[in-house]
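Working notes for the structure below.
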Amino acid sequence: MADAKVIPFDEDRPRRRPPRRVRVAAAAEPEAVAAPLPVPGAQAGGGPGAGPGGGSWDRRIAGGLAFLRRRVTGDYEVDDFGYDKELTDQVLMSLLRPMYDKYFRVEVKGVENIPKEGGALIVANHSGTLPLDGLMMQVAVHDHHPAQRHLRLLAADLVFMLPVVNELARKAGHTLACAEDAQRLLEAGELVGVMPEGFKGIGKPFGDRYKLQRFGRGGFVSTALRAGTPIVPCSIVGAEEIYPMVGNAKTLARLLGIPYFPITPTFPWLGPLGAVPLPTKWTIQFGEPIATDGYPPEAAEDPMLMFNLTDQVREQIQHTLYRLLVQRRSVFF
């Protein structure tokens with residue numbers, strides 16, 4: 001099998017558009033707005049009808065039934081990229097929260113640096129063998145930002161080649177890491193996330209943990225300049241240790257058509273149990289935004305400017321990682 005390819009986040013690559021999705025409409029009669037599904041860990045108000053703002057169990061059950069009815073009848077909508085806001089809010093986020101809150105115990109800093117509205121590009125380091133860091137960053141933005149903004153991640157083509165994962169990724173609002181789609185989302189006022197290290201970052205050996213890999217040729221900077229949106233650096237500590245990658249079975253990876261086949265202290269020796277991530281303590285810090293709206297339109301074509309801005313973003317993330325590591329008491333606490 002051929003090796004999996006990483007789509008470079010640059011404007012000179014062949015541009016591929018995601019499948020167009022249409023709004024799933026239904027002529028159902030008007031109904032009252034249903035209460036959201038219960039968030040794991042949320043407590044009931046103390047009995048039927050009790051608890052200001054918490055809602056009773058009857059309302060929660062009614063909300064769940066109304067949600068199921070809308071899914072069955074098709075009374076919901078998706079955007080051109082396949083993003084299903086209701087499914088993401090009610091189901092996908094609820095499934096991720098136990099891992100976010102209880103398992104990794106994520107601490108978030110600097111969320112006020114993310115704009116309250118309008119487009120912005122969040123650029124983060126990438127690590128952990130499996131891309132859990134992107135999902136945890138998505139929950140962090142949604143649950144801690146005052147506006148509960150949704151992060152639209154840019155992912156490699158391999159994500160959209162995997163059964164089930166492909167559909168879930170699109171439902172959660174993610175799309176291919178290409179400049180055209182990123183610019184469309186930014187110009188539409190969306191919050192877009194990118195991890196420029198790609199497979200070089202997520203598949204690096206444990207000995208290189210927290211050492212940023214190359215950020216490419218600055219394609220993400222060019223896109224932000226064209227859209228005139230700020231760049232928000234993001235540093236993630238804790239993901240590097242969830243699967244300490246001590247080896248890479250390259251021959252097996254080539255046979256399977258994947259970028260790498262990780263060997264960790266537990267995988268593949270413990271079978272399925274080896275795929276359980278270690279319960280490390282995470283910190284996600286969003287840095288001060290770097291404005292791009294003050295540059296002229298032709299700045300997106302200036303290679304020296306793109307190099308300088310790319311290096312500025314990379315250095316800010318790297319220095320923040322070192323600072324967070326010094327402040328960290330333990331990998332697990």
Side-chain angles (χ1 to χ4, degrees), residues 6 8-10 104 106-114 120-138 140-141 144 151 153-156 177 182 191-225 229-246 259-260 280-292 303-331:
V6 181
F9 188 66
D10 290 287
F104 293 136
V106 181
E107 179 183 359
V108 179
K109 301 179 179 180
V111 73
E112 67 276 2
N113 290 317
I114 300 175
L121 183 66
I122 296 181
V123 182
N125 59 304
H126 205 13
S127 61
T129 306
L130 292 180
L132 297 180
D133 51 358
L135 298 177
M136 296 300 103
M137 183 168 64
Q138 185 180 13
V141 172
H144 292 270
L151 182 64
L153 292 170
L154 304 177
L191 200 59
V192 179
V194 62
M195 294 170 161
E197 292 176 282
F199 290 124
K200 298 189 302 294
I202 197 174
K204 64 179 176 289
F206 187 64
D208 292 336
R209 60 193 179 278
Y210 298 114
K211 297 177 183 177
L212 293 184
Q213 305 299 299
R214 186 172 174 266
F215 267 25
R217 290 173 288 178
F220 70 90
V221 170
S222 175
T223 302
L225 286 169
T229 54
I231 299 172
V232 181
C234 176
S235 303
I236 304 174
V237 166
E240 292 276 19
E241 296 89 0
I242 60 173
Y243 297 110
M245 185 170 163
V246 296
Y260 54 86
T280 58
K281 175 74 169 64
W282 287 37
T283 301
I284 300 178
Q285 177 156 341
F286 300 96
E288 294 185 4
I290 299 171
T292 63
M304 186 56 67
L305 176 61
M306 286 194 294
F307 174 81
N308 289 336
L309 286 176
T310 301
D311 192 57
Q312 179 183 350
V313 173
R314 186 180 182 279
E315 286 301 309
Q316 188 169 335
I317 295 173
Q318 184 70 81
H319 288 318
T320 303
L321 287 174
Y322 287 150
R323 187 175 69 252
L324 292 174
L325 288 171
V326 170
Q327 297 171 352
R328 180 167 71 167
R329 294 181 302 168
S330 164
V331 172

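Fair warning: this is a prediction, and the values are worked out from it, not measured in the lab.
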In this structure, which one of Leu121, Val232, Leu151 forms a side-chain contact (heavy atoms from CB on, under 4.5 Å) with Leu191?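 The single option meeting the side-chain contact (heavy atoms from CB on, under 4.5 Å) with Leu191 is Leu151.
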Got [X] and [Y] here, is their nearest side-chain heavy-atom distance under 4.5 Å?
X	Y	value
Met137	Ile122	yes
Glu112	Phe286	no
Lys109	Glu107	yes
Thr310	Val313	no
Val221	Phe307	no
Ile284	Val106	yes

How many angstroms lie between [atom1] in [X] and [atom2] in [Y], if you round to the nearest 0.5 Å?
X	Y	atom1	atom2	answer
Leu309	Arg314	CG	CZ	15.0 Å
Arg209	Glu240	CZ	CD	8.0 Å
Asn125	Ile236	CG	CD1	5.5 Å

Using only atom types and a distance under 3.5 Å, with no angle test, would you say the side chain of [X] pairs donor to acceptor with the backbone of [Y]?
X	Y	value
Asn113	Pro289	no
Gln213	Lys211	yes
Ser222	Gly218	no
Gln318	Leu212	yes

Trp282 and Phe104 aromatic ring geometry - parallel, tilted or perpendicular at 30°/60° bounds: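 It falls in the parallel class, under 30°.
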Taking all heavy atoms of [X] and all of [Y], pick out the closest pair and write down the distance.
X	Y	value
Ala224	Thr292	O-OG1, 3.3 Å
Ser235	Ile317	OG-O, 3.2 Å
Ala182	Leu154	CB-CD1, 3.7 Å
Ser127	Asp133	N-OD2, 2.9 Å
Ile202	Pro131	CD1-N, 3.3 Å
Lys200	Lys204	O-CB, 3.4 Å

Test side chain to side chain contact (heavy atoms under 4.5 Å, CB included) on Ile242 and Leu132; report intermediate values, then the result. CA-CA 9 Å; Ile242 60 173; Leu132 297 180; 3.9 Å; yes
Table please: side-chain donor-acceptor pairs of residues 320-328 below 3.5 Å, with sequence neighbours left out.
{"unit_1": "Thr320", "atom_1": "OG1", "unit_2": "Gln316", "atom_2": "O", "d": "2.8"}
{"unit_1": "Arg328", "atom_1": "NH2", "unit_2": "Glu241", "atom_2": "OE2", "d": "3.1"}

Tell me whether Glu288 at atom CD has more than 12 heavy atoms from other residues, nucleotides or ligands lying less than 6.0 Å away.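 Not buried by this count: 12 neighbours or fewer within 6.0 Å.
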By ring pair (Phe, Tyr, Trp, His ring centres under 6.0 Å) - contacts of Phe215 (at least two apart):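 Phe215 satisfies ring pair (Phe, Tyr, Trp, His ring centres under 6.0 Å) with no other residue.
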